[in-house]
Structure formats: C-alpha cells, structure tokens
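Written below as structure tokens is the structure these notes are about.
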Amino acid sequence: MLEKNFDPKTAESRLYAMWEASGAFAPTSDPAAEPFSIVIPPPNVTGSLHIGHALNNTLQDVLIRFERMRGKAALWLPGTDHAGIATQMVVERQLAAAGNVSRRDMGREDFIAKVWEWKAESGGTITNQLRRLGASCDWSRERFTLDDGLSAAVRKVFVTLHKQKLIYRDKRLVNWDPHFQTAISDIEVEQREVDGHYWHFAYPLEDGSGEIVVATTRPETMLGDTAVAVHPTDERYKHLIGRAVRLPIVGRPIPIIADEYADPEKGSGAVKITPAHDFNDYQVGKRNNLPMINILTDDAKINENGPKDYQGLDRFAARKKVIAAFEELGLLREVEKTRHAVPHGDRSGSVIEPYLTDQWYVDAKTLAQPAIKAVEEGRTVFEPRHWEKTYFEWMRNIEPWCVSRQLWWGHRIPAWYGPDGKIFVEETEAAAQAAAREHYGRDEPLRQDEDVLDTWFSSGLWPFSTMGWPEKTSDLERFYPTSTLVTGFDIIFFWVARMMMMGLHFMGDVPFNRVFINALVRDAKGAKMSKSKGNVMDPLELVDQYGADALRFTLTAMSGQARDIKLSTQRIEGYRNFGTKLWNATRFTEMNGCARAEGFDPALVKNTLNRWIVGETARTVQSMTKALDACAFDDVANGLYRFIWNTYCDWYVELAKPILNGADEAAKAETQATAAWALDVILKMLHPVMPFLTEELWAQTSDLGAARAEGMLITARWPDLAESLVDAAADAEIGLIIAAVSEGRSVKAELNVPHSARPPLLVVEANDAQRAVFEANAAVIAQTLRVSELQFVASAPEGAIPFVVNGATLALPVAEFIDLAAERARLAKEIAGHASDIAHVNKKLGNPAFVANAKEEVVEENRERLAESEAAKAKLEHALSLLEAVV
RNA sequence: GGGCGGCUAGCUCAGUUGGUCAGAGCACCUGGUUUACACCCAGGGGGUCGGGGGUUCGAGCCCCUCGCCGCCCA
C-alpha cells in the first residue's frame, strides 16, 4: 500500500542512481533506432545552477526522455565550458582572499596549475546539480572545452582557418578592458546609460585669430587629438579648413579638416578627433591620414605620449586634471549635463576603452554567408520562428571577430614568432619549428603567442568537437547534425551563430536542425534575477522544498513562447499538489483492486465509462505526442494537468466508484483493469516532465496484476494509441452524465439546498437515447449528484426546480428548501444567458450576407445553436411562470 | 535613431490557418467529516481582449495609426 504522500527527498537520489547505474542515459545501441541528439549548452565550469539553467535543462530533458521512450537512440551530450574570463576571475579572487600572491607574481604556469587544481575540486558542482534536477545526460560522454580532444580540435580549426586566410592578424581599434587587460569582442561590451557631462573646450587657432569650440564626454582623450573636423559644407567654418589650432595643454598644432562625420547640427558643429581612442574618430583618421596617438597604457593610465605631468595618471584622474587645466586657461566654455551610453565590460563591469592593438581576427563575414543561407533555406529552423530575424539582423551586419584574449586561462593561440617577427601558425610547436626551418634554412628560436582564444571560439565547435572531431567517430557519423538545440536568446550571437558558422565550415552541414529558444526566467514581479537585487531563486532550494518534479513541471508549464517567465513559489506549490493528486489517485486504484489484466486490450472494453476513458486517453496521447514534437511545452504541461486531474480523477474515478463497489463483477473487473491500464499510460506520458514521481509510482505498482513487458519507466515505450479508440457513443453518453451532474450540482448550490438533503432527480423530458442513458446510469448519477434516486415523470410537480441539460429537462423537487427569490434570480439569469445567445445568433442568421457567404457548416452550426437556445429558454420561461403562479 | 517583442479576468498567462474563443492556474467569495487526496471536493463572481480607424457577412486573431511597457543594436 502506497504511503499517503510522495517523498521526493528520499526517492529522488535513489531513483537517479538507479537510472544512471542501469545505463539508461546512454543512447540505445540498436542500429535500427533513429538517432536523436542534443548537445547541452555547456555551463561555465565555475558556475552553479541558477533558475535559467533549470529551465533550459528541464526542457532538454523533457525532449530527451520523450524521444528515448519513443525508441530513438537519444543522446544528450553533457559538458562544461572553461569560461576564460569568468574562471580566471574566480580563481584570482580566491587567491587574493587567501592572501596569496597575485597572478602576475605567481607566473603563468603556476597560475594555470592553480586553476586546474581548483577545477578538480569545484568543477563538478554544476553537473551534480544537474543530476539533482533529474537531467538524464549521458555522463559517460561528458566533455570539457579544455580537455585534450577539444583542445586538439581548437588548434586544428585555428590552423585551418589561418591557412584559408579566414583568420588573420590585424592592428585596429579593439574594445579594451583595462581591468582584465585584454581585448574583448563587440558583443561582450554592454552599453550602460549613465549621467555624464559635455565639456565644451575652446581650441585657439594657431595664428591667434580666434578659436574653435569642441565638446566631449571624455576630456582626457584630447591629449591624443590629432585634428578637429568640421562638415565640408558648414559655412561657419569653411574659411578655417586647412588651417590649424594649437592643442591646449599639449601644445601640438593640429589641422582643421573637412569630414562628413562632423554634424553641423550638434554642438558647435566642430568635433575633436582622437583616432586612437574612439571608433568613429578612427575611421575619420584613416580617411584623412591622421596620426594615431595612443595615450593610454594597458591599465588605462596616461602613457609616455602624454604630457610629463600627466604620465602615470589614471584616466579618470587625468580627466579631472584636463578639465581643471582648461578652466585655468580660460578655455572651458560650457559644462552641459547629459545622459549617454558608456561601454562596460560584461564581466568586469569596468569602462571599456577603444584601444589600438594587434589582435587575431576571424573573417566572420565570409563564414556567415553559408550560415545565413542555411537558415533561409530552413535547414536550421528557429522556434519560435521570429528569432530568425534577430539572427539574420546580426549575421548580415557582422564585424570581424576578435578572437585573441590577453588572458592565461584558455586555449593558447597556436602561433609562433621567429626572431624577425615572422609568424608560423601550426598545430604543434614541432610543426611550427619545422616550418621555421624550412623558411629560415636553419633552426631558429621561436616564441609562442602569449594570448589565448576567446572562450566562444571553442564553444563554437561544441556540436562536433564533443563527438570526437577531427577523428571520424561513429558518434559524429550517427549524431551529427544534432536534432535540437535548446538555449536562451541572450546567446544567439555569442554561441548559436558561431556554431552555425563553424559547423557549416568544418562539417559541411548545419550543427542542428532546430533551435528552440527558451524564455528568460524572471522573478514574480518580472524583474531580472540578480544577486545584487537579492531576488535570486535558487533552483536547488526549490527542489528541496517542493521536489524536482514540481519545479520541472512549473518551468515546463510556463515556457510558452513569451520572452519572460515570471516565477512564483505559489505556482510551484500548485504543481507539487498536482503530483500529490496523481499519487493519491494511484493509491485509490490500488485500494480498489485495480491491477493490470493479462492481455488487456483497450479496444475490447465494453462498459461505456471504460470505453470513454480509453478514448480520452488515446486523444491525450495523440495531442501530447504532437505537442512534444512541436516543442509546445506549455501545451504538454497543461494538457497533462487537465487530463489527469479533471478527466481521470474528477470524472473517471468518481464515476467508477459505484462500479468498483457494485455487484456487477464483470463490469467491476473490466473497470479495475481499465483504470490500471490508463494509469500506466498516464505515467508514461507524464514521465518526461515528472520523472521521479512517475518512476516511483511505476515501481510501486509493478506487482499489481500482470507483469509489465517493460522494465523501468525511463526506458518504457511511449504509448501509441489509435484515434479509432475514441467512441462517439461513449463520448455522448458520458458527456450527458457529466452535464447532468454538473448542472444539478449547480442548481443545488445556488439554491442552498442543504448538503445532507437527498431529493430524487426527476427526468421530465428526454428523447429516447437520453432516457436510455439515464436509466442505465441511474445509480452512478444518484451517487455522484447525491440524490436519492432517478424518477421518470410526465411533468414536473409544483415547486420542483427544473433545469435543462443537452435539451433534456430534469428537475429537483426541493421546494421545501428553496428561497423563491433565489430561484427566480437563478432562472432569470439562465434565461438572460440564452436570450443574449439567441440575439447574437439571430443577428448573424438575419444577415443575408452571412447566410450567402459563410461556409455551409458554419451556418448550420448557428441554426442548431439557435434552436437549442430557444428550446431551453422556452422551458425555463415556463418554469418561471409556474413559479410566479405559486407566489 | 534602427530592430524585435508585449499590452486579454485582481495577478501570471493560453488563445493554431478570422466563424460557440472570451479561456486556464492562482487569488477572491459561498458551501462541504462524499471511507484516494484539506497539497482535498463542489459551486460562484469577475474581462467593451491598450485607444482609434479600416478590410470582411463576421476580428482578440488581418491592415493602418496612436499610446504606453520591455529587450536588443546604434
């Protein structure tokens, strides 16, 4: 006998261990099985599971479990990302906290050893947390972006792209993060609106004949100014073009040039040009052959190109000093308050400086073309579809991808420099030396590039590098392209786009056929969860509190197509209750001898109620299968909820009670068998979303009745029930019973008939078929509606309360209890309802254009509806008139 | 400035190709010792589907326009 409640705390770890030990997570080796594969978006190895991971991985697990049960060779390939900056940051912080020497004092080798040490200790945290969630990943295939195989893949890709001239070295402005002292890519830059100022500076003309005013939000950059630009058509300045101003503080004469970049509408119309420290100015500088003066050090202090008394000053201190100097010189014309966007590093949070450096670039524009085409042609489909616009938008305007990072933790760039600076890009040092020997005609000492690659470079290879590429492995053969990628929209640029480019280039095929973009989880108020706001919900705490299944079900139910999910514990609690409901329904069936019958065939059941639930079950299987195929996760959750609670528990079990307690042994046996059968189907359908509870119920009911053909639920076969199991006659019959009971309950409740009262239910008027249903089901209706019996009468006695169900008139003789006013109100309400319906339909049918243009079946439907409503209204009006007569 | 998404019951959201589509869950109100479940059962109130205009026999669903809100990119 089942306990009263499911206990997730003890069951979850036990069941997970059982699954894992059984090998159920690995794809079946059956060569005939169709492959279905998902690669996990590798979480940062430093990370711990947040609610976004919980959602993302729940959805992947739902798909994997579904396809596994369907008999496919389902592979969910897990792993983690070395996460260059993030990890380096964590370890550096730890070193600092422990009072250790800094990274730089420690040296590269020792520091990296420290990181690996840290990874060995803490790197398993997040994968263990995924296990708590129930994720059925194939852990035997787990990968890490910095493991040997993936590192080899990275080198191969880099060298190949270099030889194809799709990777090159270039000197240009990059986004420089002074905190980490590395370049970062455009998409790692976050624009933040901040309060700032426009400082209007006067630059005196060199000949002393006047001045020209420019404005800037970054005064310190004036130290690197090499021109002032005005618009070529700007009449105010035309006469000054070609002349020069003397740059205050610095004393350098700089030219006044004509360039369309200057906007006559903005400020004075003249703009200072600092080619080495501003992206727009850089373009202007290139167009006009201006010198580019870098005035900053790697850590954003003024370098030797600045005036003596500025050298070594931090950029913000230098800013203050520049402003003070202008004020002193009497050249500060105006200070204007402004709000403007300032670039920040998404990891460091520090202000990014445009900075002129040598970096490695990937020719993303070229690689993007096939990636754009693949989505245009539908070889990869985004779900929801509208994300394709975002993808195209970015891909069509893609910039060269800066892939070098001045960090230590990551894939060292496989490039070696000869004594003369000649670059040898090879997969190994030995190969580079060989190439150098070839080039120089002798051995020369080589120096490897100090930089590492952007983390996203290795994650871009993830769908094939994890399967063993560049080796030709059987996994690649079988599971590439992967079936579906499930990820968040925030990394469409970072990750999805890069995988598309790399996959197409190196595998000649898309990395995945479908990309499901999941929503972003927010708190109950819709705010983004963040540690600083203190509104973070820890998924593991929620698992502790409500069980993994409840959390999974909640996330599944809420993952519609909307961008945001607003998560509240109330919701989780409700779905925890849903699990308990199913648990207790199972407990009920167990108590009532429901057990699998040997050779049970749902097509052969005779009892109407059983035929009905068989049909409803088949319908649900079909809609759930369809919804899962379409990644309509919310439909899955809602459909299961409704079927299990409102159909199986509320009606099937309730209507089955009289049979289970009755004397008709044949009907009883059939009902016991059908209830058990339907429950098994339910467990299967619910398993992908609530794996723990269902597996536990599956186990606990395993010895009830005939043995199951299948072992554990996780590997049981997904149900396949034919549409033909739906029986229209059974639907109509049970539908009438449900309608009669519901309406009868409503009447009793509205008239405040005491709960203990047991009037008979009078069948006043009904067609032959309906009469037969009422006769056959009198006992069930009587028990469920809590009436004494059913009586068939020619007309309703005085004071009986009539109600209309599917055209039949029923009545409850409860005159002694009723409040006349209440009854009058009830009737009036019903009549009004029908009246408005009639008016609505009449208006339609009265419109000749409607009858002429609308589809025949629509017109017919409306005619029927009108007739029904009119009949019902007439009956109720008659009842009301009788009531008035009594009074 | 450009792009994308949203605006449906008090709250959170569903509403496929326009024709019972005005729904669900929660919240709220009323009643309940129905021997599976109070993590329960039964019943109930509540929305002119952001505003305006248009197409259509018919629009929450299509078009235009305006207004907010959010996100992304400049």
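None of the values given here were measured: they were computed from a predicted structure. Order of the sequence lines sets the chain letters (A, B, ...), proteins ahead of strands, with each chain counted from 1.
Atom CD in A:E573 sits roughly 9 Å away from atom P in B:C39 (whole-Å rounding). At whole-Å resolution of the value, CG in A:L582 and P in B:C39 are 18 Å apart. Distance, A:Y648 OH to B:C37 P: 16 Å, rounded to whole Å. If you measure from atom CZ of A:F489 to atom P of B:G6, you get 13 Å, rounded to the nearest angstrom. With rounding to whole Å, A:R385 atom CZ is found 15 Å from B:U16 atom C1'. The distance between atom OH of A:Y575 and atom P of B:U12, rounded to the nearest whole Å, is 15 Å. Straight-line distance from the CZ atom of A:F493 to the P atom of B:C71: 15 Å, rounded to whole Å. Atom P of nucleotide B:C37 and atom CZ of A:F578 are separated by 18 Å, given to the nearest angstrom.
Dense packing is recorded around OH of A:Y261, with more than 12 heavy atoms of other residues, nucleotides or ligands lying under 6.0 Å away.
At least one side-chain nitrogen or oxygen of A:W645 sits closer than 4.0 Å to the OP1 or OP2 atom of B:C41. Taking side-chain N and O atoms only, A:K748 has no distance below 4.0 Å to OP1 or OP2 of B:U30. Close to B:C40, at under 4.0 Å from its OP1 or OP2, lies a side-chain N or O of A:N577.
Atom C1' of B:C49 sits at a distance of 27 Å from the matching atom of B:G43, rounded to the whole Å. B:U17 and B:C63 have their P atoms separated by 12 Å, given to the nearest Å. Nucleotides B:C11 and B:A27 are separated by 7 Å at their C1' atoms, to the nearest Å. If you take atom P in B:G51 and the same atom in B:C61, they sit 10 Å apart, rounded to whole Å. B:G47 and B:A9 have their P atoms separated by 10 Å, with the value rounded to a whole Å. Using P as the reference atom, B:A42 and B:C37 are 14 Å apart when rounded to the nearest Å. Spacing between B:G25 and B:G15 at atom C1', rounded to whole Å, works out to 15 Å. Between B:U34 and B:C40, the distance separating the two C1' atoms is 12 Å to the nearest Å.
Counting atom types as modelled, A:R587 pairs no side-chain N or O with a base atom of B:C37 as donor and acceptor under 3.5 Å. For A:E654 against B:A36, a side-chain N or O and a base N or O form a donor-acceptor pair under 3.5 Å.
The side chain of A:D635 lies closest to B:A14, out of B:A14, B:G43, B:C37. Nearest to the side-chain atoms of A:E750 among the listed nucleotides B:G25, B:A42, B:G44 stands B:G44. The side chain of A:H386 approaches B:C4 more closely than any other nucleotide in the set B:G25, B:C4, B:C39. Nearest nucleotide to the side chain of A:N584, out of B:A42, B:G44, B:A36: B:A36. Relative to the side chain of A:K4, the nucleotides B:A38, B:G43, B:A36 differ in distance, and B:A38 lies closest. When each of B:C26, B:G43, B:C39 is scored by its nearest atom to the side-chain atoms of A:T580, the top-ranked nucleotide is B:C39.
For B:A27, there is no paired base (Watson-Crick or G-U wobble, both distances below 3.5 Å). In this structure, B:C61 makes no Watson-Crick or G-U wobble pair, since no nucleotide meets both defining distances under 3.5 angstrom. The nucleotide B:C71 finds its pairing partner in B:G3, both defining distances of the Watson-Crick or G-U wobble pair being shorter than 3.5 Å. Using the Watson-Crick or G-U wobble rule with both distances under 3.5 Å, B:G50 pairs with B:C66. Base-pair partner of B:U35: not found among the strands shown (Watson-Crick or G-U wobble, both distances under 3.5 Å).
At a cut-off of 3.5 Å, with distance as the only test, a side-chain donor of A:Q700 or A:E696 sits close to an acceptor on the other residue. In summary, the side chains of A:Y652 and A:N610 do present a donor paired with an acceptor at a separation below 3.5 Å, with no hydrogens or angles considered.
Looking at A:R619 and A:E616, a side-chain N of the basic residue comes within less than 4.0 Å of a carboxylate O on the acidic one, giving a salt bridge. A salt bridge links A:R396 with A:E376; the closest basic N to acidic carboxylate O contact falls under 4.0 Å.
Residue contacts shown for A:K389 are limited to sugar-phosphate atoms, with no base heavy atom under 4.0 Å away. Among the protein residues, A:R786 comes within range of the nucleic acid bases, having at least one heavy atom under 4.0 Å from a base atom. When heavy atoms are screened at a 4.0 angstrom cut-off, A:K657 is found touching base atoms of the nucleic acid. Among the heavy atoms of the strands lying under 4.0 Å from A:S746 are primed sugar atoms or P, OP1, OP2 only; no base atom is included.
Distance check: A:T784 OG1 to A:I737 CD1 gives 8.5 Å after rounding to the nearest 0.5 Å.
Between A:I492 and A:T487 the shortest side-chain heavy-atom distance does not fall below 4.5 Å.
Toward the 5′ end of RNA chain B lies the nearest nucleotide of A:N646, the other residue of the pair A:V741 and A:N646 mapping further downstream. If you find the closest nucleotide of RNA chain B to A:E190 and to A:A749, the one lying nearer the 5' end belongs to A:A749.
Judged by a 6.0 Å distance limit and a 45° cone about the ring axis, A:K581 is not positioned over the six-membered ring of A:Y648.
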